[in-house]
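Following: one structure in structure tokens, then a few remarks.
Predicted model only: the values in this text are computed from it and were never measured.
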Amino acid sequence: MIEDLAERKAQARRVVRQLKKDYADAECALNFDSPFQLLIATILSAQCTDVRVNIVTKDLFAKYPTAHDMAVAPVKTLEKMVQTTGFFRNKAKNIHAASQALVDDYDGEVPQDLAKLVELPGVGRKTANVVLGTAFGIPSGIVVDTHVGRLTRRLGLTEKADAVKVEEELMEVVPKKEWIDFSHRLIHHGRAVCNARKPKCEACHFLKFCPQEGVS
DNA sequence: ATCCCGAGGG
DNA sequence: CCCTCTGGAT
């Protein structure tokens, strides 16, 4: 257990250094042509692989490329188009309502502001941080999804379960200039090596400073 | 059976 | 804090 702040900072430096070594070219795996499309793709990515999101958004963005287009789309049509991403009724309702809100309040543009983004239907801190970081290059927070939460806990950077608390603790120990790439790289590592079910500890370059030394 | 780049509501 | 929404992948 790493409890001391200085100790967690030291651990964070090791993690950041190894992430840069292993995942130098971190990039968002979601396909998009605009901040609006990234926002929609990120809403759809809940409990769903990015590969499937990209399959769905290919047709979705061809038909409704902008907030103005999606705001006037029939919700039933949206439900059918996003059906295979799961939670499809909520997601269809949210992407429709969020598009309408963007048209009403921001002339169809995506605001570059965390508080305004989080007010949009279906947009929480995770989605807002993805859009601000990846579409606008603004490190307004650290994206904490299921991968980032799991890996930072395994690596001893936090012991919190709540995503907001995890983000707070990470922001204490990870330099701000690293925030955007930090999450992308952890997510890549979480998918490729340190996955939830059967982590490949024998192939993991982080093992030498991982407190788990093999999770069950 | 269990997890996937969550959010909203109770 | 908990629960619900949901299909796909393994």
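Annotation: side chain to side chain donor-acceptor pair (under 3.5 Å) contacts of A:His205 (sequence neighbours excluded): A:Asp22. With sequence neighbours excluded, no residue forms a salt bridge (charged side-chain N to carboxylate O under 4.0 Å, His left out) with A:Arg153. Applying the salt bridge (charged side-chain N to carboxylate O under 4.0 Å, His left out) test to A:Lys21 and every residue at least two apart in sequence or in another chain returns nothing. For A:Asp181, the salt bridge (charged side-chain N to carboxylate O under 4.0 Å, His left out) partners are A:Arg185, not counting sequence neighbours. Listed by chain and number, the residues in a side chain to side chain donor-acceptor pair (under 3.5 Å) with A:His96 amount to none (sequence neighbours excluded). With sequence neighbours left out, the ring pair (Phe, Tyr, Trp, His ring centres under 6.0 Å) criterion links A:Tyr23 to A:His189. Evaluation of the side-chain contact (heavy atoms from CB on, under 4.5 Å) rule for A:Lys63 yields A:Thr77, A:Met81 as partners, not counting sequence neighbours. Annotation: side chain to side chain donor-acceptor pair (under 3.5 Å) contacts of A:Asn129 (sequence neighbours excluded): A:Ser140, A:Glu167.
Between A:Trp179 atom CH2 and B:dC5 atom P the separation is 24 Å, expressed in whole Å. To the nearest angstrom, C1' of B:dG6 lies 13 Å from CG of A:Leu30. Taking atom CD1 of A:Ile40 as the reference point, atom P of B:dA7 lies 13 Å away to the nearest angstrom. Separating the CG atom of A:Leu151 from the C1' atom of B:dC4 is a distance of 14 Å, rounded to the nearest angstrom. Separating the NE2 atom of A:His189 from the P atom of B:dC5 is a distance of 14 Å, rounded to the nearest angstrom. The CG-C1' distance, from A:Leu186 to B:dC5, rounds to 12 Å in whole Å. Atom CZ in A:Arg185 sits roughly 17 Å away from atom C1' in B:dC5 (whole-Å rounding). Across the protein-nucleic acid pair, A:Asp145 atom CG and B:dC4 atom P stand 9 Å apart, rounded to whole Å.
Annotation: A:Tyr64 is not in aromatic contact with A:Phe61 [ring centroid separation under 6.0 Å not met].
Between A:Val15 and A:Phe182 there is a side-chain heavy-atom pair separated by less than 4.5 Å. Counting heavy atoms from C-beta on, the side chains of A:Asp145 and A:Ser45 never come closer than 4.5 Å.
A close approach under 4.0 Å does occur between a side-chain nitrogen or oxygen of A:Arg150 and OP1 or OP2 of B:dC4. At the phosphate of B:dC5, neither OP1 nor OP2 sits under 4.0 Å from any side-chain N or O atom of A:Thr42. For A:Thr127 and B:dA7, the shortest distance from a side-chain N or O to OP1 or OP2 is below 4.0 Å.
Straight-line distance between the C1' atoms of C:dC1 and B:dC5: roughly 24 Å, to the nearest whole Å. Taking the C1' atoms as reference points, B:dC3 lies 16 Å from C:dC5, given to the whole Å. Straight-line distance between the P atoms of B:dG10 and C:dT6: roughly 16 Å, to the nearest whole Å.
Residue pairs meeting the salt bridge (charged side-chain N to carboxylate O under 4.0 Å, His left out) criterion with at least one member in residues 40-51 of chain A, sequence neighbours excluded, are A:Asp50-A:Arg191.
When heavy atoms are screened at a 4.0 angstrom cut-off, A:Ala29 is found touching base atoms of the nucleic acid.
Within residues 79-90 of chain A, the residues having any heavy atom under 4.0 Å from DNA chain C are, by residue number, A:Gln83, A:Thr84, A:Gly86, A:Phe87, A:Phe88, A:Arg89, A:Asn90.
Here the range on DNA chain C touched by chain A, meaning any atom under 4.0 Å from one of its heavy atoms, is C:dC5 to C:dT10.
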Report, one pair per line, the protein and nucleotides 8-10 of chain B atoms (nitrogen or oxygen only) whose separation is under 3.5 Å.
{"unit_1": "B:dG8", "atom_1": "OP1", "unit_2": "A:Gly122", "atom_2": "N", "d": "2.7"}

